[in-house]
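Single-structure report; data block below.
As the structure lists them, so they are numbered: ligands from 1, and atoms in each ligand from 1. Computation of the quantities below employed the complete heavy-atom set of this structure, encompassing side-chain atoms and omitting hydrogens, waters and symmetry-equivalent molecules.
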Amino acid sequence: MTGIMLGSKITGWGAALPGTVITNEDFEKRLDTSDAWITERTGIKERRVGGTTASLSIEAAQKAIAAAGLTPADIGMLVLSTTTPDQTVPATSATVQAELGLTCGAFDVNAACAGFVYALVVGHSMILSGVEHVLVIGADTLSRITDMEDRSTAVLFADGAGAVVLSRTEENNFLSWDLGVDGTLVPILYCDHGGYLRMEGREVFKRAVLAMVSSAQAALERAGITTDDVALVVPHQANIRIIEAANNRLGIPMERTAIVLDKTGNTSSGSIPLALAAAADMGRIHPGDYVLFCGFGAGMTWASAVVRWGA
Ligand code: ACO
């Protein structure tokens, strides 16, 4: 805990998806739905299911730690965002901490699909508190709380995880954040213990667009930049139409947007780090680029952050 503590940057990333693919055609065979309906209304073509929140977390985290050029001993804190912990007690981060061979503290964060950005902001705060490297994971296994006989939710939700390592730097690359929740909207999207996800789709859609736009604008303003400066938006991967509507209002073209939902469906906490990892692996982000993260989810929560991509 020495040295100048000015800020943090993302130094490694990794992704994990389970092996079982469910295509829209698979749903066509057993539900009253069609590939055309799902594609047109959501943009989703296929999704992955299987594994546990811990197993997916571990795989994504191992890749992120290796990509950062670190070992588990270097990690000073683990923040795991999930809305589908493997057990009620303990936190899934405890299992992940042990399996990864970490020796640091670990805890879960639950802010539904905005959770990864919440966890990222918490991770950045830990760096400002003196931790050198924080492992931030977003992981969910929504298939376990989705009624696979209900066409209105079965086609949307799936499983996946992504992870990043945040490291202390002398130049701050974590420029701004905006976190919020409107708890009066709990009834439009929830899952009771032992139950399935229940959702008022149209209401969630409408609120999601409003939340994404106002939260992104707040984060951009605090960072002192405009949408023209943003090289890449990494939005929550729920529905391509939500992303298009928010982008339209923000004035951000889809070419500057990370999309994986056609292949992953909505993986909640996994969605933003999965999209980030895919974009970074494809070389779509360059040193100095401004990246805008923007999530929303049950609660309703919202979360945005602006980072400058490090060298
Ligand atoms: N196949 C065919 N028809 C369907 C399907 C399906 N898979 N699902 C619903 N329908 C039907 C409905 O029953 C309805 O039929 P009706 O008119 O006879 O009643 C019709 O399609 C239209 O339904 P809407 O709900 O109005 O359709 P909409 O265009 O709004 O699309 C959708 C539905 C895709 C769910 C959309 O509202 C949406 O994406 N909402 C946001 C969902 C979301 O982002 N949730 C995650 C939030 S993040 C988190 O925290 C988990």
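Residues Asp159 and Thr141 have side chains that never bring a donor and an acceptor to within less than 3.5 angstrom of each other. Between the side chains of Ser304 and Asp178, not a single donor N or O lies within less than 3.5 Å of an accepting N or O. Asn110 and Thr83 form a side-chain donor-acceptor contact under 3.5 Å, judged by distance and modelled atom types alone. Judged by distance alone, the side chains of Thr257 and Asn247 do bring a donor and an acceptor atom under 3.5 Å apart.
The contact set between ligand 1 and Ala112, taken as ligand atoms under 4.0 Å from a residue heavy atom, comprises 50 (O). The distance from ligand 1 to the heavy atoms of His236 drops below 4.0 Å at these ligand atoms: 48 (S). Those atoms of ligand 1 with a heavy atom of Thr42 less than 4.0 angstrom away are 34 (C). Annotation for ligand 1: atoms under 4.0 Å from non-hydrogen atoms of Arg241 are 29 (O). Atoms of ligand 1 found under 4.0 Å from any heavy atom of Ile242 (numbered from 1 in listed order, with element): 41 (C), 44 (O). In summary, the atoms of ligand 1 found under 4.0 Å from a heavy atom of Met199, numbered by their order in the structure, are 35 (C), 42 (C), 43 (C), 45 (N). Listed by atom number, the atoms of ligand 1 under 4.0 Å from Asn266 heavy atoms are 46 (C), 48 (S). Close approach of ligand 1 to Ala238 (heavy-atom distance below 4.0 Å) involves ligand atoms 44 (O).
Close N/O approach between Asn239 and ligand 1 is found [any backbone or side-chain N/O within under 3.5 Å]. Distances between N or O atoms of Arg41 and those of ligand 1 include at least one value under 3.5 Å. Polar contact check, Gly201 against ligand 1: a nitrogen or oxygen pair lies under 3.5 Å apart. For the pair Ala298 and ligand 1, the shortest N or O to N or O distance falls below 3.5 Å.
There is a protein heavy atom less than 4.0 angstrom from atom 26 (O) of ligand 1. Put simply, atom 41 (C) of ligand 1 has protein non-hydrogen atoms near it, under 4.0 Å away. Protein heavy atoms are found inside the 4.0 Å sphere centred on atom 48 (S) of ligand 1.
A pairwise comparison of heavy atoms in Val121 and Trp177 identifies CG2-CB, 3.6 Å as the closest pair.
Proximity annotation for atom 7 (N) of ligand 1: of Arg151, Glu40, Met300, Arg151 comes nearest, heavy atoms only. Nearest to atom 36 (C) of ligand 1 by heavy atom, out of Phe296, Trp37, Phe157, Phe205, is Phe205.
Taking the six-membered ring where the residue is Trp, Phe296 and His236 present perpendicular rings, their angle passing 60° and hence far from 30°.
For atom 30 (O) of ligand 1, the closest non-hydrogen atom of the protein is Arg202 CG, 3.4 Å. The closest protein non-hydrogen atom to atom 1 (N) of ligand 1 is Thr33 OG1, 2.6 Å. Atom 43 (C) of ligand 1 has Val204 CG1, 3.7 Å as its closest protein atom, hydrogens excluded (heavy atom only). Scanning the protein for heavy atoms near atom 51 (C) of ligand 1, the closest one is Cys113 SG, 3.0 Å.
With Thr84 as the partner, the side-chain contact (heavy atoms from CB on, under 4.5 Å) test is satisfied by one option alone out of Thr92, Asp140, Thr267, Thr52: Asp140.
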Trp37 and Asn24: CA distance, side-chain angles, deciding distance, side-chain hydrogen bond (donor to acceptor under 3.5 Å, both in side chains) verdict:
CA-CA 9 Å; Trp37 191 97; Asn24 292 350; over 6 Å; no
